J.: 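What follows is a single structure, and I will ask about it in a moment.
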Amino acid sequence: MGNRSIVPYGPQHPVLPEPIHLDLVLEDEKVLAAIPSIGFIHRGLESLTSKKDFNEMVYVAERICGICSYMHGMSYCLALEDIMNVEVPRRADYLRTIWCELSRLHSHLLWLGLLADAFGFESLFMHSWRLREKILDMFEESTGGRVIFSVNTIGGVLKDMPNEMLQCFVKQLDEMEKEIREMTEIFLTDYTVKSRLVDVGIISGEDAIRRGAVGPMMRASGINVDMRKNGYAAYNDIDFEVITSNKCDSYARCEVRIGEIFQSIDIIRQAVAKIPDTEINTKVTGMPNGESIIRVEQPRGEAFYHVRANGTKFLDRFRVRTPTFANIPALTQTLQGCQYGDVPLLVLTIDPCISCTER
Amino acid sequence: MGQFLPFTKQVIKNLFSAPATTQYPFVERVYPERTRGHVDINKDSCILCGMCMRSCPPGAIKVDRAGKTWSINRFDCIQCGYCAEKCPKKCLSITPGYQEPGPEKFAYTVEVPYEPPKPAAKTVAN
Ligand code: SF4
Ligand code: SF4
């Protein structure tokens with residue numbers, strides 16, 4: 001038997017500016033178990049429902065996370081629309097779909113950059129972030145914000161994207177697609193990249209289900225789950241296949257996310273081709289009374305929203321379970337048996353967002 | 001060897017293309033028209049109703065009806081645009097150009113020239 005020791009890892013990650021702490025039980029260089037602790041940056045956003053009325057909470061929900069900000073705002077609105085029986089105009093649904101997919105694009109490009117940074121490939125990191133920057137410019141042009149869009153409202157969206165703007169975005173995405181393809185080739189074929197990813201952090205499909213993994217983490221273990229198939233916003237009009245991989249390792253997670261980048265571009269193309277010319281929001285009156293559960297597919301995986309209203313302007317309960325929270329048990333599984341040097345990379349492969357986890 | 005080719009192509013491309021970043025401060029960034037930079041008020045149409053103050057999520061706006069002032073703490077404002085949406089007179093707007101940086105928080109105040117309508121004189125019944 002080798003030397004056993006417990007090494008505290010964190011709360012600062014070498015790449016992420018977010019605190020997650022792991023107690024690693026090591027035998028020499030091998031990790032036997034990882035015990036996570038979170039709670040360093042709990043912000044109490046959910047309990048703000050007692051101070052902010054349900055309309056202001058849209059802006060609070062958006063601030064749960066900086067990367068999936070749009071989808072948090074949208075899911076909150078979907079839940080309230082469900083409670084208040086509001087029919088959202090179809091154009092708003094399509095615009096929401098387009099913004100969701102642009103968010104996915106920027107999130108996955110950001111993640112690829114961070115991954116490159118984690119294994120020390122600085123120029124690849126710069127290239128993926130350079131490409132991501134163009135998506136942020138599209139956000140700024142269409143919504144006015146680069147990170148937080150504040151474009152959702154209960155009953156639809158606040159800003160329309162004129163058809164010329166949509167066409168222009170599609171053209172830009174067509175050009176970007178070539179560059180992204182060149183860059184992602186390196187992630188998938190380069191020897192150094194593969195040596196860090198292949199057969200590292202394996203989690204089987206069964207384990208992924210047992211540990212409640214979501215999103216690309218789950219799909220990289222061969223499980224076909226994608227909340228977009230539930231058909232919120234305009235996804236029921238869009239034709240797409242869920243991307244999965246059977247390799248179950250870190251390389252598979254990278255592969256799934258890269259596949260999703262091209263899938264998102266395709267979904268945007270379809271949405272722009274089909275977008276109808278209707279209003280973009282409906283006027284909502286009255287107070288919400290009831291309960292709703294919404295599940296959406298964020299870039300990092302499934303997010304779960306529970307909202308309960310009581311007929312006043314303050315909600316009874318607002319509960320969010322974010323994808324990273326669901327992925328932490330799966331992360332501890334991937335860490336079992338890995339080398340100590342691979343820990344930062346493995347933490348990164350779940351695409352952690354600790355701010356989301358703690359709300 | 002094959003793995004070096006993509007990089008060579010990129011290196012040559014970078015040598016002959018314009019920089020990906022803007023050379024600030026020599027070149028200033030041009031913001032798109034919709035950029036949410038800061039809140040502007042058209043003080044002539046404000047009726048000091050206080051809707052903006054009540055709707056602002058971080059409580060950045062103060063409306064003083066008696067003193068006839070409207071003020072905003074730009075350091076608290078999160079540029080969400082809810083006040084502009086709620087204002088009944090549409091006198092608030094979010095315009096490009098970010099707030100000036102500063103060493104401490106301060107409120108930007110404007111005096112509003114609004115005259116509340118006089119209550120109609122009661123006609124005395126004979
Ligand atoms: S800015 Fe608009 S909402 Fe605010 S006090 Fe003036 S009129 Fe009312
Ligand atoms: S933009 Fe939002 S945060 Fe800023 S003053 Fe208006 S309501 Fe308040």
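These numbers were taken from a predicted model, which means no experiment stands behind them. Naming: A, B, ... by sequence-line order, numbering from 1 per chain.
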J.: Using a 6.0 Å cut-off, check whether atom CZ of F106(B) has over 12 heavy atoms from anything other than its own residue.
T.: no
J.: Distance check, rounded to the nearest 0.5 Å: E141(A) atom CD versus Y31(B) atom OH?
T.: 15.0 Å
J.: Are any side-chain N or O atoms of R34(B) and backbone N or O atoms of S142(A), one a donor and one an acceptor, separated by less than 3.5 Å?
T.: yes
J.: How long is the gap from NZ on K52(A) to OG on S55(B), to the nearest 0.5 Å?
T.: 10.5 Å
J.: How long is the span from the CZ atom in R36(B) to the CZ atom in F149(A), to the nearest 0.5 Å?
T.: 9.0 Å
J.: Mind jotting down which residue pairs meet the side-chain hydrogen bond (donor to acceptor under 3.5 Å, both in side chains) criterion with at least one end in residues 151-169 of chain A? Sequence neighbours excluded, please.
T.: R91(A)-D160(A), R91(A)-N163(A), R96(A)-N152(A)
J.: Is it the backbone or the side chain of R54(B) that comes under 4.5 Å from a heavy atom of chain A, or both, or neither?
T.: backbone
J.: Do any of residues 125-135 of chain A come closer than 4.5 Å to chain B, heavy atom to heavy atom, and if so which ones, in number order?
T.: H127(A), R130(A)
J.: Looking at residues at least two apart in the chain, or sitting in another chain, which of them share a salt bridge (charged side-chain N to carboxylate O under 4.0 Å, His left out) with E56(A)?
T.: none
J.: Atom CD of residue position E279(A) - does it have more than 12 heavy atoms of other residues, nucleotides or ligands inside 6.0 Å?
T.: no
J.: Under the salt bridge (charged side-chain N to carboxylate O under 4.0 Å, His left out) definition, can you give me all pairs with a residue in residues 79-107 of chain B, not counting sequence neighbours?
T.: D76(B)-K105(B)
J.: For E33(B), I'd like to know if atom CD has over 12 heavy atoms of other residues, nucleotides or ligands within 6.0 Å.
T.: no
J.: Heavy-atom distance under 4.5 Å to chain B: side chain of N55(A), backbone, both or neither?
T.: both
J.: Stepwise, does the side-chain contact (heavy atoms from CB on, under 4.5 Å) test hold for R63(A) with I78(B)?
T.: CA-CA 10 Å; R63(A) 280 158 178 83; I78(B) 52 171; 3.5 Å; yes
J.: Please check if the number of heavy atoms outside E111(B) that lie under 6.0 Å from its CD is greater than 12.
T.: no
J.: Measure across S150(A) and C80(B) and return the closest heavy-atom pair with its distance rounded to 0.1 Å.
T.: CB-O, 3.5 Å
J.: Please state whether the side chain, the backbone, both or neither of I94(B) comes within less than 4.5 Å of a heavy atom of chain A.
T.: neither
J.: Identify which part of L158(A) has an atom lying under 4.5 Å from any heavy atom of chain B, answering side chain, backbone, both or neither.
T.: side chain
J.: Show your working on side-chain contact (heavy atoms from CB on, under 4.5 Å) between V58(A) and Y82(B) and close with a plain yes or no.
T.: CA-CA 10 Å; V58(A) 180; Y82(B) 194 39; over 6 Å; no
